[in-house]
Amino acid sequence: MNNNPYSKLFEPVKIGPVVTKNRFYQVPHCCGMGHLRPKAHAAMRETKAKGGWGVVSTEEAEIHPSSDLAPYVEQRIWDKKDIPALRLMTEAVHKHGTLAAIELTHSGHNSTNLFSRIPAMSPNAQPVNFLYPKQSRRMSKRDISDFRDWHKRAALNAKEAGFDIVYVYAGHGMSVAHQFILPDMNNRIDEYGGSLDNRLRLTRELLEETQEAIGDSCGVAFRFAVDELKGKDGMQFEEEGRAVVELLSEHPDLWDVNVSDWSNDSQTSRFQPNEGYQMPYVELVKSLTTKPVVGVGRLTSPDLMVKLIDRGALDLIGAARPSIADPYLPNKIKAENTDQIKECIGCNICVSSDNFSVPIRCTQNPTMGE
């Protein structure tokens with residue numbers, strides 16, 4: 001290992017009470033298998049653990065029936081009965097010395113609720129055109145209190161299911177926490193609206209309550225979209241995004257940085273051909289916290305990965321699509337077989353599979369999702 005030019009990528013990283021075996025981190029990504037295909041889901045995630053990833057995450061795991069994002073597509077963890085299916089995944093990845101992470105989610109006004117038929121909730125009542133037109137209802141103080149209870153219960157369920165890292169999710173405009181933070185989605189005039197500190201109140205409560213409930217044995221990750229407004233050059237940081245990081249800098253055990261919305265975060269190579277295109281956002285967060293930071297940007301070049309670690313841009317090499325194109329990417333780098341890496345080409349057929357509620361597929365890796 002000492003002679004391997006990529007040995008720095010295989011150093012352990014401490015995330016709260018847990019430690020990764022290396023710097024390769026498969027961030028949460030959808031797979032179209034959902035809670036009805038738990039064996040397929042576990043096998044798909046295990047392939048990545050077998051391929052050398054230090055952390056393997058689930059997709060969104062809904063915390064309550066009022067967040068039924070789409071039929072069958074996502075995981076769910078609102079009931080004790082959901083634990084055995086998710087435990088299949090944690091046990092599968094643990095066999096390979098890999099940490100298991102789960103992204104707790106309530107989709108707020110993005111929820112379709114086609115099965116539950118529960119009206120969608122959001123910080124304020126508003127018409128929403130996501131998947132189909134609908135009207136969301138304003139969350140009352142009781143709703144907010146219930147939501148916090150649902151999140152805490154889901155975190156405890158995640159711990160029982162064997163997860164090592166549990167997410168508080170505030171990204172992509174697709175979670176209640178993020179919807180409360182964004183001023184264009186929150187026009188409340190109570191203590192959960194108005195100033196940034198008020199709009200951030202719910203997120204802070206979720207982080208603190210999750211830490212209190214499971215922080216003794218599980219790392220608490222915070223997935224946050226640091227950008228919302230972009231300048232003409234596409235890289236202007238929105239001032240409030242920076243302020244959020246400053247206010248919460250030491251709250252989570254891990255910062256998982258992304259950009260919003262999906263069209264920016266999961267850009268195709270046609271419009272964003274360069275690796276590491278999200279690095280300015282990641283480096284901003286890294287400069288404001290002492291906690292480890294994971295970032296993405298279709299990273300596949302091991303030389304670039306080492307440069308990013310060396311210059312302190314991030315601590316963990318995050319990947320969704322590159323881990324789909326080549327689940328064995330870490331092992332190939334460790335063995336210095338870099339010419340065998342199947343590079344993600346950013347075609348986004350993986351994304352389209354989830355939208356159609358079918359198991360994930362990949363043009364570079366035809367076995368993915370079988």
Side-chain angles (χ1 to χ4, degrees), residues 63-64 66-67 103-111 118-130 133-152 154-155 167-212 220-231 236-252 255-262 264-265 281 284-285 287-289 291:
I63 65 172
H64 190 262
S66 61
S67 180
E103 184 177 66
L104 305 185
T105 306
H106 191 296
S107 297
H109 64 229
N110 273 15
S111 306
I118 300 172
M121 300 186 298
S122 61
N124 40 271
Q126 59 183 308
V128 181
N129 187 17
F130 178 74
K134 55 183 176 293
Q135 177 74 28
S136 68
R137 68 174 180 84
R138 180 183 183 274
M139 291 177 69
S140 66
K141 296 285 186 65
R142 176 61 183 270
D143 291 327
I144 294 172
S145 177
D146 288 344
F147 168 72
R148 290 166 58 188
D149 288 342
W150 301 336
H151 196 279
K152 182 177 180 179
Y167 270 81
V168 173
Y169 178 37
H172 305 112
M174 294 179 64
S175 72
V176 166
H178 204 210
Q179 290 160 15
F180 267 81
I181 293 172
L182 300 179
D184 62 337
M185 294 186 183
N186 181 355
N187 61 13
R188 300 173 71 99
I189 58 173
D190 60 10
E191 66 267 35
Y192 286 96
S195 68
L196 174 61
D197 199 54
N198 280 355
R199 285 182 277 119
L200 200 58
R201 185 183 305 276
L202 179 60
T203 298
R204 185 183 288 109
E205 289 170 340
L206 294 178
L207 285 167
E208 292 174 350
E209 290 163 0
T210 305
Q211 287 274 12
E212 181 181 349
V220 177
F222 182 44
R223 197 177 202 191
F224 177 60
V226 72
D227 76 312
E228 275 305 321
L229 299 177
K230 292 193 173 116
Q236 176 185 331
F237 297 116
E238 199 250 328
E239 290 183 4
E240 283 199 346
R242 181 188 182 101
V244 168
V245 182
E246 291 174 337
L247 289 167
L248 298 178
S249 62
E250 302 304 303
H251 275 65
W255 281 85
D256 181 341
V257 181
N258 61 73
V259 298
S260 287
D261 57 7
W262 279 115
N264 291 315
D265 188 29
Y281 300 96
L284 170 70
V285 176
S287 71
L288 298 172
T289 180
K291 299 301 178 72

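Throughout, numbering of the chain's residues begins at 1 and tracks the sequence.
- Within 6.0 Å of the NZ atom in Lys152, the count of heavy atoms belonging to other residues, nucleotides or ligands does not exceed 12.
- No side-chain heavy atom of Lys291 sits less than 4.5 Å from a side-chain heavy atom of Pro252.
- Residues Glu240 and Pro183 come closest through the heavy atom pair OE1-CD, 3.9 Å.
- Distance check, rounded to the nearest 0.5 Å: CD of Glu246 to CZ of Arg242 gives 5.0 Å.
- Formation of a donor-acceptor pair under 3.5 Å by the Asp143 side chain with backbone atoms of Ser140 is found in this model.
- Taking the side chain as every heavy atom from C-beta outward, Phe180 and Arg201 never approach each other to under 4.5 Å.
- Side-chain contact between Ile63 and Phe147 is present, with at least one heavy-atom pair separated by less than 4.5 Å.
- Nearest heavy atoms, Val244 versus Trp255: O-CH2, 4.4 Å.
- Contacts of Asp149 classified as salt bridge (Lys or Arg N to Asp or Glu O under 4.0 Å), with partners at least two apart in sequence or in another chain: none.
- With Gln179 as reference, Met185 is the one residue of Met185, Met121, His106 to meet the side chain to side chain contact (heavy atoms under 4.5 Å, CB included) rule.
- For Asn124, the side-chain contact (heavy atoms from CB on, under 4.5 Å) criterion is met by Gln126, Asn186, Asn187, not counting sequence neighbours.
- No donor-acceptor pair closer than 3.5 Å links the side chain of Ser136 to the backbone N or O of Ser122.
- Here Tyr167 contributes atom OH and Thr210 contributes atom OG1; the two are 13.5 Å apart, rounded to the nearest 0.5 Å.
- Considering only residues two or more places apart in sequence or on other chains, Glu250 meets the salt bridge (Lys or Arg N to Asp or Glu O under 4.0 Å) condition with none of them.
- Residue Ser67 comes nearest to Ser111 through the heavy atom pair CA-OG, 3.4 Å, listed as atom of the first residue, atom of the second, then distance.
- Atom CG of Leu200 and atom CD of Glu205 lie 10.0 Å apart (nearest 0.5 Å).
- The number of heavy-atom neighbours closer than 6.0 Å to CD of Glu208, taken from other residues, nucleotides and ligands shown, is above 12.
- In this structure, Ala225 and Val259 approach most closely via the heavy-atom pair CB-C, 4.2 Å.
- Residue Leu288 comes nearest to Ser249 through the heavy atom pair O-CB, 3.2 Å, listed as atom of the first residue, atom of the second, then distance.
- Counting heavy atoms from C-beta outward, Leu247 and Arg204 have side chains that approach closer than 4.5 Å.
- Contact record, Gly173 with Asn110: O-ND2, 3.9 Å, taken as the closest heavy-atom pair.
- At least one side-chain heavy atom of Leu284 sits less than 4.5 Å from a side-chain heavy atom of Val226.
- Between Val168 and Phe222 the shortest side-chain heavy-atom distance falls below 4.5 Å.
- With sequence neighbours left out, Glu191 forms a salt bridge (Lys or Arg N to Asp or Glu O under 4.0 Å) with Lys141.
- For Glu103, the side chain to side chain donor-acceptor pair (under 3.5 Å) partners at least two apart in sequence or on another chain are Arg223.
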Intermediate values then yes/no, side-chain contact (heavy atoms from CB on, under 4.5 Å), Tyr192 and Leu202: CA-CA 7 Å; Tyr192 286 96; Leu202 179 60; 4.0 Å; yes
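- Evaluation of the salt bridge (Lys or Arg N to Asp or Glu O under 4.0 Å) rule for Arg138 yields Asp190 as partners, not counting sequence neighbours.
- Side-chain N or O atoms of Gln211 include one that pairs as donor or acceptor with a backbone N or O of His251 at under 3.5 Å.
- With contacts defined as side-chain heavy-atom distances shorter than 4.5 Å, the pair Phe224/Leu248 does not qualify.
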